[in-house]
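As structure tokens, the structure follows; a few thoughts come after it.
These numbers come from the heavy atoms of this one structure, side chains and all, not from hydrogens, waters or symmetry mates. Keep in mind the model is a prediction, meaning the values are calculated, not measured. Residue numbers begin at 1 in each chain, while the letters A, B, ... track the order of the sequences.
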Amino acid sequence: MSRIPLDPATAPAFPKAAKVSLHDLQLRRNVKHATNVIQTKRQRVVGERPDWQQLREAGRQIREHALAYMDEYLEQFERNCEAAGGHVHWARDAEEARQIVVRLATEAGSREVVKIKSMTTEEIHLNNALEAAGINAIETDLAELIIQLGQDQPSHIVVPALHKSRHEIREIFLREMGLKHLGEEPADLAEAARTYLRKKFLTVQTAISGANFLIAETGSVCIVESEGNGRMCLTLPQTLITIAGIDKVLPRFQDLEVMLQLLPRSATGERMNPYNSIWTGLHENDGPRNFHVVLMDNARTDVLADPEGRQTLYCIRCGACQNACPVYRQTGGHAYGSVYAGPIGAILTPQLQKMEHAQSLPYASSLCGACYEVCPVKINIPEVLIHLRNKVVKQQTRGMGRLNPEAVAMKVLGMIFRSESRFRAAQKFGRAAEKPLVNREGWIGWLPGMLGGWTQARDLHAMPQQTFREWFDAREKKDRGHA
Amino acid sequence: MRGKRKIAAMPERTEARAQILERIRAAKPQAPPSDAAAAWEKIRREYKVAPDLPPAEILHLLEDRLRDYDAQVFHCVPAEIAGAIARALQQRDKQNIVIAAGTPNEWLPPDFHFVEDSNLDAHALDQLDGVLTGATLAIADTGTIVLQNVPGQGRRASTLMPDYHLCVLFASQVLQSVPQAMRMLEQTATLPTTFFSGPSATADIEMTRIKGVHGPRFLDVILVQDIVQVRWMASDDSPPMKSISVSIGSLFPNECCSG
Ligand code: SF4
């Protein structure tokens with residue numbers, strides 16, 4: 001049941017992938033519907049909080065503070081979690097994290113593990129590593145189950161299967177669960193998932209989860225969910241392995257009072273999601289007998305080291321920026337070639353790839369600012385996008401010095417704009433030069449060389465036959481002639 | 001066995017740990033001006049914490065939210081809890097109910113079968129019709145009830161496997177805001193804690209909210225009026241209604257129920 005994970009290292013550049021998505025009308029319909037519904041719900045429940053801006057500001061400050069003292073807080077978390085009977089492991093990168101989890105699952109003697117939806121495990125392609133070790137990972141979140149059975153990819157960080165319609169889901173369930181009959185209604189499909197997974201929850205003895213928050217002060221982990229599959233995984237199996245990015249740490253229990261207001265309202269447009277679980281290490285007769293937390297870096301310290309990119313780590317993975325983004329709403333998530341799609345993906349993915357891959361993502365935005373406006377922890381995503389674009393340009397033109405094409409182009413433009421006669425001459429030249437490219441409707445669909453970036457995703461209107469100045473001058477002359 | 005495993009994993013762990021912490025120290029914003037505790041105190045928290053509704057309205061708000069989640073709400077006074085429980089169970093046609101150790105005996109009506117959860121395994125819990133618990137507190141703003149592993153509330157699995165949850169909640173346990181609740185929970189923060197807001201649900205299929213996936217699909221709440229509201233009409237130019245809450249326990253100590 002292995003599927004090819006979204007991998008920024010091998011994914012095609014965004015403009016190319018987006019073209020494919022844009023032709024899939026069903027997908028665009030599904031994405032538009034889902035993002036509209038969440039946005040409307042979000043607006044309603046955010047609107048009823050008169051202190052929303054104060055909550056956002058507190059959220060931002062808490063995250064900023066947590067990063068400034070991240071080393072202390074992680075050590076404190078480790079101390080408290082271990083004192084309560086948990087084991088803490090540290091993973092420098094994805095490979096190390098996979099090795100630790102596979103080793104722990106193997107030691108637990110499980111051939112099967114149940115999983116709670118976790119973008120961190122998607123990020124490191126954990127399921128494939130488990131499978132290679134002969135361990136079958138069963139996704140238990142409804143959307144993740146749809147993705148897994150359909151051998152598909154998540155396209156949204158909160159609602160990973162939002163690109164699938166009920167009919168498509170029904171087809172997948174009929175085929176993969178070996179069912180003879182299955183209704184069309186969402187409730188029928190959810191019931192099928194409940195029955196299918198109930199057996200697994202009652203028998204599988206190892207669970208793997210992500211974490212929404214780690215609390216340094218108490219050594220507790222907090223998981224926010226809707227369906228109860230999380231609670232099943234957290235309480236029934238003997239062994240629980242939680243894997244969390246080092247950025248997930250919060251200073252104190254009290255900080256949850258901010259996050260638990262910001263996250264559900266932003267993520268699903270609910271005042272509170274159906275279930276939050278908070279636990280601390282091991283509890284006698286309640287929950288697993290073995291509990292492990294894997295703290296993973298995987299380039300997060302590289303993001304931390306960049307003063308302008310650092311705020312990316314404030315993210316609490318609510319997905320609000322995805323729902324608000326005009327680009328995401330057209331293309332859906334897969335075009336981003338990463339589990340982190342949309343505006344957050346555009347800034348997080350290239351940084352997690354140490355700017356070695358996914359360089360096209362910082363350009364997958366119109367910089368309209370809608371993402372910044374909805375972000376519950378006030379990440380200035382447009383600012384980070386521009387910062388990363390600069391990094392990409394610097395990187396691509398490294399060694400060219402003053403001869404790099406973009407620098408030369410900017411110089412030439414500056415020269416032209418400074419002189420009126422040069423500007424007029426340039427306009428005339430432009431009209432002549434564009435002639436072979438203009439189609440009958442007066443649009444340009446293709447530009448050569450570097451300029452092609454512009455026309456890859458949009459058409460360009462041909463220059464007018466006459467500029468305003470030319471028209472004005474001609475009119476003046478005509479008037480004078482008549483006078 | 002466990003000890004051995006830990007030692008085997010040690011060298012690699014220490015190295016990774018040391019390296020990550022070192023990288024963080026090199027990468028994080030330079031020289032924070034004060035220690036963590038002092039800096040944490042300075043975080044600006046200008047959002048609402050204290051309640052701004054009178055107690056009666058807070059209860060109404062909670063009820064609205066619970067009904068919004070399709071939960072049923074029953075009312076009773078402390079002396080009538082058993083009767084209210086019987087009514088709810090009858091209406092739902094539930095017979096075999098799991099309870100946690102420490103559930104007050106006087107809550108339990110005759111004619112139903114209550115099973116005390118003595119580490120029942122998941123299969124056994126799955127066979128039961130429902131679960132009856134008390135609660136630690138509730139949050140009106142969000143319609144949330146909080147459970148912790150204490151007498152009368154019990155293990156997390158027992159409120160998860162049965163398809164029906166009947167929860168006894170006292171009016172004095174109802175707070176308005178999330179921050180109020182978190183500050184109250186702080187002292188017992190390390191207990192296994194579950195927040196639930198309505199029955200389990202999903203919106204994963206075309207964003208249609210479907211009630212009930214893996215957790216209980218049906219939830220009823222018995223709201224016990226253990227505070228009396230004294231209201232009077234004031235003169236025209238002052239706020240039209242004022243209310244004072246008094247714990248019933250302080251008025252009629254013998255009638256007070258443990259909760
Ligand atoms: S960047 Fe902000 S809006 Fe986007 S997922 Fe993260 S927290 Fe949510």
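For V258(A), the part sitting under 4.5 Å from any heavy atom of chain B is the side chain, from C-beta outward, and nothing else. Looking at T194(B), the atoms closer than 4.5 Å to chain A (heavy atoms on both sides) sit in the backbone and in the side chain alike. Using a 4.5 Å cut-off between heavy atoms, T268(A) does not touch chain B at all. Interface remark: A26(B) contributes no atoms to any contact with chain A (heavy atom separation under 4.5 Å). Residue N80(A) does not touch chain B at all, counting heavy-atom pairs closer than 4.5 Å. With a threshold of 4.5 angstrom between heavy atoms, E191(A) approaches chain B through side-chain atoms but not through N, CA, C or O. At a 4.5 Å heavy-atom cutoff, the contact between D141(B) and chain A is made by backbone and side-chain atoms alike. Using a 4.5 Å cut-off between heavy atoms, N30(A) does not touch chain B at all. With a threshold of 4.5 angstrom between heavy atoms, L236(A) approaches chain B through side-chain atoms but not through N, CA, C or O. Contacts between P307(A) and chain B at a heavy-atom distance below 4.5 Å are absent for every atom of the residue. S220(A) touches chain B through its side chain: at least one heavy atom from C-beta onward sits under 4.5 Å away, while N, CA, C and O do not. Contacts of S118(B) with chain A are absent, with no heavy-atom separation under 4.5 Å from either backbone or side chain. With a 4.5 Å cut-off on non-hydrogen atoms, L197(A) touches chain B through its side chain but not through its backbone. Residue contact with chain B, scored on non-hydrogen atoms closer than 4.5 Å, involves the backbone and the side chain of A190(A) alike. With a 4.5 angstrom heavy-atom cutoff, Q254(A) touches chain B via backbone and side-chain atoms both. Looking at A66(A), there are no atoms closer than 4.5 Å to chain B (heavy atoms on both sides), in backbone or side chain. In this structure, chain B has a heavy atom under 4.5 Å from the side chain of R49(A), while its backbone stays farther away. Residue E225(A): no heavy atom, backbone or side chain, is found under 4.5 Å from chain B.
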Could you please spell out the steps behind the side chain to side chain donor-acceptor pair (under 3.5 Å) verdict for N323(A) and Q39(A)? CA-CA 6 Å; N323(A) 307 327; Q39(A) 286 227 94; over 6 Å; no

Dump the intermediate steps for salt bridge (Lys or Arg N to Asp or Glu O under 4.0 Å) on R310(A) and E64(A), then the final yes or no. CA-CA 9 Å; R310(A) 181 181 291 152; E64(A) 186 181 29; over 6 Å; no

Run the numbers on E270(A) and S197(B) for side chain to side chain donor-acceptor pair (under 3.5 Å), then give the verdict. CA-CA 10 Å; E270(A) 292 168 299; S197(B) 306; over 6 Å; no

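When each of K42(B), R65(B), E22(B) is checked for heavy-atom pairs under 4.5 Å with chain A, R65(B) comes out on top. Of the listed residues D286(A), D51(A), D302(A), T280(A), the one with more heavy-atom pairs under 4.5 angstrom with chain B than any other is D286(A). Counting heavy-atom pairs under 4.5 Å between each of D93(A), I62(A), I169(A), D306(A) and chain B puts I62(A) at the top. Most heavy-atom pairs under 4.5 Å with chain A: of the set V178(B), I43(B), T142(B), L160(B), this distinction falls to L160(B). Residue with the most contacts toward chain A among K211(B), M161(B), Q19(B), R209(B): M161(B) (heavy-atom pairs, distance under 4.5 Å). When I20(B), N149(B), I210(B) are compared by the number of non-hydrogen pairs under 4.5 Å with chain A, I20(B) comes out ahead. Note: P192(B) leads G215(B), P216(B), P192(B) in heavy-atom pairs under 4.5 Å with chain A. Annotation: maximal heavy-atom pairing with chain B below 4.5 Å, among H156(A), Q61(A), E72(A), R194(A), occurs at R194(A). Of the residues considered (E46(B), E186(B), R23(B)), R23(B) shows the highest number of contacts with chain A, using heavy-atom pairs under 4.5 Å. For the set L295(A), V88(A), V45(A), V303(A), the entry with the most heavy-atom pairs within less than 4.5 Å of chain B is V88(A). Per-residue counts of heavy-atom pairs under 4.5 Å with chain B were compared for G228(A), P50(A), G219(A), S226(A); the largest is that of S226(A). In terms of heavy-atom pairs under 4.5 Å with chain B, the best-connected choice from H33(A), R300(A), E78(A) is E78(A).
Annotation: side chain of F195(B) is in contact with side chain of L260(A) (closest heavy-atom distance under 4.5 Å). Under the 4.5 Å side-chain criterion, counting only non-hydrogen atoms from C-beta, D247(A) is in contact with R63(A). By the 4.5 Å heavy-atom criterion applied to side chains, K164(A) and E206(B) are not counted as neighbours. Under the 4.5 Å side-chain criterion, counting only non-hydrogen atoms from C-beta, H283(A) is not in contact with L191(B). Looking only at side-chain heavy atoms (C-beta outward), F173(A) and I146(A) come within less than 4.5 Å of each other.
Between R17(B) and E75(A) there is a salt bridge, since at least one side-chain N of the basic residue sits less than 4.0 Å from a carboxylate O of the acidic one. A salt bridge is absent between R170(A) and D188(A); no separation between the charged side-chain nitrogens and carboxylate oxygens falls under 4.0 Å. Under the 4.0 Å criterion applied to side-chain N and carboxylate O atoms, K117(A) and E144(A) are not assigned as salt-bridge partners. Look at D297(A) and R92(A) and you find no salt bridge, because none of the NZ, NE, NH1 or NH2 atoms lies under 4.0 Å from a carboxylate O.
Atoms CD1 and CE, on I24(B) and M70(A) in that order, are 5.5 Å from each other to the nearest 0.5 Å.
Annotation: D93(B), atom CG; neighbour count of heavy atoms from other residues, nucleotides and ligands within 6.0 Å does not exceed 12. Taking a 6.0 Å sphere around CD of E41(B), one finds it holds more than 12 heavy atoms contributed by other residues, nucleotides or ligands.
Relative to the six-membered ring of W40(B), R45(B) meets both conditions, a distance below 6.0 Å and an angle of at most 45° to the axis.
Residues F201(A) and H214(B) bring their aromatic ring centres within 6.0 Å.
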